[in-house]
Protein chains: 2
Amino acid sequence: MAEKRITSQDVANLAGVSRTTVSFVVNKNPRFSIRPETVQKVQEAARVLGYIPNATARALASRRAKAVGLVMTRDPRYIASDPFLPQILGGLLDVVKQAQLNLLTDWVEPGQQYQTYSSLIRAKHIDGMILMTPRYDDPGLKALRETDIPVVLMGMVPGCDLYSVDVENVAAARTAVRHLISLGHQRIACILNGPSPYSSACQRLQGYQQALEEAGLAYDETLVRFADFDATSGYSQMRSLLAGRPGFTAAFVASDNVALGALAAILDTGLKVPDDISLVGFDDIPMSSYIHPALTTIHMPAREIAQQSCHLLMRLIAGERPEERALTLPTELITRGSTRELGRSK
Amino acid sequence: MAEKRITSQDVANLAGVSRTTVSFVVNKNPRFSIRPETVQKVQEAARVLGYIPNATARALASRRAKAVGLVMTRDPRYIASDPFLPQILGGLLDVVKQAQLNLLTDWVEPGQQYQTYSSLIRAKHIDGMILMTPRYDDPGLKALRETDIPVVLMGMVPGCDLYSVDVENVAAARTAVRHLISLGHQRIACILNGPSPYSSACQRLQGYQQALEEAGLAYDETLVRFADFDATSGYSQMRSLLAGRPGFTAAFVASDNVALGALAAILDTGLKVPDDISLVGFDDIPMSSYIHPALTTIHMPAREIAQQSCHLLMRLIAGERPEERALTLPTELITRGSTRELGRSK
DNA sequence: CATCATTATTAACACGTGTTAATAAGTACC
DNA sequence: GGTACTTATTAACACGTGTTAATAATGATG
């Protein structure tokens with residue numbers, strides 16, 4: 001309690017130099033060269049006293065918070081069931097630690113988006129932010145575009161030219177559905193990962209439609225459902241699909257999490273995967289290879305997305321303005337046990 | 001870019017009062033009463049200008065960072081596969097937002113614990129911190145105890161009287177194993193969630209041993225394995241168990257995540273759950289009810305743990321020092337399809 | 001030796017707020 | 001109308017650092 005805070009002044013006194021010199025040594029400011037023996041003295045004094053610069057004062061003086069924000073745009077209850085969050089966080093922490101930055105996490109209450117975006121930045125708690133899972137209908141995005149605030153979207157919003165890092169959702173979904181078609185399936189159901197305001201849901205639906213179209217298959221709206229990111233919604237949407245008895249032999253579920261729920265629904269109805277219904281997921285969450293049958297899915301490079309987003313954000317904070325505004329990462333189809341050629345049994 | 005920052009001075013000028021008055025109005029300082037019409041004037045001016053107080057300056061002046069830290073003590077690769085992180089984060093964000101605090105996330109590199117703990121606080125980036133999944137062998141804990149830094153452990157470390165919030169690991173594990181015993185199982189394998197330096201692993205092992213003892217069953221070390229938090233490790237540990245052909249009819253796996261791997265290993269060997277082997281997990285991750293067979297497990301109130309930890313931390317930051325240092329939350333056995341009475345078939 | 005160029009160091013101000021101690025204005029009382 | 005007291009407001013300092021512009025010390029050059 002009585003621990004006296006040690007300031008740069010204390011270090012300066014002990015080393016017998018001025019506070020400014022200490023600052024130059026600590027920050028290795030290249031514009032001013034300091035005699036090696038002075039550097040030595042200062043570093044020794046800092047070590048002896050256990051000097052740790054006060055980050056707050058530093059932020060105030062340098063007008064740099066040395067922190068970036070991860071801002072989520074979902075209800076907290078979805079945050080709690082987001083299977084990617086750990087990977088994203090892991091990737092961000094990696095980069096952030098290496099760059100000596102801090103990571104602040106926040107979520108925006110629906111409808112208060114702009115308020116939160118702008119106050120986070122303007123209050124200078126952070127230098128820039130990464131927006132996770134942006135929505136089409138977020139009015140805050142347009143407002144952000146007009147400022148010059150460093151922002152990176154994880155996931156893209158069409159018609160919005162903020163910097164973004166995303167996977168090729170359309171192509172990936174098309175690949176997934178093509179795979180089912182190549183196995184002979186003709187009636188293929190589709191459950192999207194989330195509601196349509198989320199751009200990833202929309203794009204994956206597009207990929208589904210494109211694959212059907214190029215194969216000359218009709219698009220049947222009654223085979224399409226929108227889930228809500230979690231397994232529970234996947235379960236009920238699949239039940240709703242099965243209740244209609246539409247005779248589909250395969251399903252593309254645009255989220256592994258949702259797919260697990262869908263899988264449970266199928267098994268509960270007494271049908272088997274892949275014998276009766278082939279299932280393709282999306283995301284390749286760590287667990288996908290450990291369920292039975294192991295889930296065929298699209299690999300989502302979550303960690304890379306996080307890392308690239310962070311690197312991009314750091315460039316923006318440094319003042320760079322790269323030409324390319326949308327960075328798109330490749331995905332990969334992982335074939336496992338949940339898909340099988342139509343009509344072939346074990 | 002040219003957007004001029006608006007300071008409290010600007011507000012003061014517009015309202016025709018001093019900066020101090022603005023500060024009193026904004027902070028609703030009760031020690032100084034201000035005439036209602038002045039308050040009105042100031043608030044109006046702030047609204048017109050869109051004034052947002054600079055959090056950094058505020059933190060510096062008030063010597064309160066208005067932020068708490070979530071510090072993880074695992075390798076980043078474990079962070080990435082921690083199924084609880086989303087729930088924890090969701091719970092923390094809930095509380096933190098309500099208290100107008102910010103949440104900073106960080107992880108400590110093994111071996112550098114104390115360095116990071118202390119610099120985070122002393123640099124005043126945060127006012128206090130929550131340590132996730134502490135280890136027995138963390139020398140930083142002892143060092144922390146000697147300072148008066150507000151810290152809450154999520155998960156407890158015996159012999160360390162830092163404030164902590166945890167579940168009753170021993171009792172919960174005992175309940176889980178008792179359940180298996182009550183179903184007639186006598187040879188029960190055990191796979192711990194993580195390596196023994198993690199206290200939760202140790203405690204769950206104790207619970208396992210106690211249940212055996214009170215039922216008069218012998219403790220067989222060859223039936224015990226330590227996993228490494230993820231499904232992959234669960235898979236290999238279960239394979240290793242099965243390779244020995246020790247004839248166990250049930251297994252207690254102290255983590256659902258690990259249990260999923262173990263389940264896959266069992267099924268891959270051609271055995272069935274629960275027909276051949278009954279399985280009890282631990283954690284009740286959201287997915288546990290959606291796999292087949294649905295996992296019998298111990299419900300871990302992750303969200304509550306996070307919330308309670310945060311509340312406790314806030315009290316510590318406020319200067320309180322509650323008598324009770326260890327808060328223990330109850331768990332609950334959730335019986336699902338993965339356990340069955342010995343010898344009874346479907 | 002005087003002059004200039006270069007290097008090393010520092011005094012002084014800036015960053016935007018919280019807070020104390022002092023002042024000014026207003027009110028009640030005899 | 002002066003005094004004591006309350007209320008409203010502010011000037012001035014504190015927080016701990018980054019950074020510029022000026023100064024002092026050193027070395028090189030004619």
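Here is the naming used below: chain letters follow the sequence lines, and residue numbers restart at 1 for every chain. This is a predicted model, so every value here is computed, not measured.
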Which is true for A:Thr7 with a 4.0 Å heavy-atom rule: it touches a base, it touches only sugar-phosphate, or it touches nothing?
-> sugar-phosphate
Test item: B:Thr73 side-chain N/O and B:Thr133 main-chain N/O as donor-acceptor pair under 3.5 Å = yes
Test item: B:Arg325 side-chain N/O and B:Glu323 main-chain N/O as donor-acceptor pair under 3.5 Å = no
Hey, are the side chains of A:Val68 and A:Ile317 touching, using non-hydrogen atoms and a 4.5 Å cut-off?
-> yes
Name all pairs fulfilling the ring-ring contact (aromatic ring centres under 6.0 Å, His included) condition that reach into residues 308-327 of chain A, sequence neighbours left out, sorted by first residue then second.
-> none
Covered region of DNA chain C, 5' end to 3' end, by chain A [heavy atoms, under 4.0 Å] = C:dA8 to C:dG16
Sorted by number, residues from residues 37-66 of chain A placing a heavy atom under 4.0 Å from DNA chain D are A:Tyr51, A:Pro53, A:Asn54, A:Ala57, A:Arg58, A:Ala61, A:Ser62
Got a sec, which pairs hit ring-ring contact (aromatic ring centres under 6.0 Å, His included) with one end in residues 35-70 of chain B, sequence neighbours left out?
-> none
A:Tyr163 side chain to A:Pro322 backbone, donor-acceptor under 3.5 Å = yes
Looking across every strand, which nucleic acid part, if any, lies under 4.0 Å from B:Ser8 by heavy atom: base, sugar-phosphate, or nothing?
-> sugar-phosphate
Exceeds 12 heavy-atom contacts within 6.0 angstrom, atom CD of A:Glu44 = yes
Rounding to a whole Å, what distance do you find between A:Arg35:CZ and D:dT26:C1'?
-> 9 Å
Main-chain N/O of A:Ala59 paired with B:Thr56 side-chain donor or acceptor, under 3.5 Å | no
Which pairs, with at least one residue in residues 86-105 of chain A and sequence neighbours excluded, count as a salt bridge (Lys or Arg N to Asp or Glu O under 4.0 Å)?
-> A:Asp94-A:Arg303, A:Lys97-B:Asp106
Is B:Asp127 reaching over with its side chain to a backbone N or O of B:Lys66, donor-acceptor style, under 3.5 angstrom?
-> yes
For the helix from C:dC1-D:dG30 to C:dC30-D:dG1, measure the angle between the helix axis at one end and the axis at the other, each built from five pairs, rounding to 10°.
-> 60°
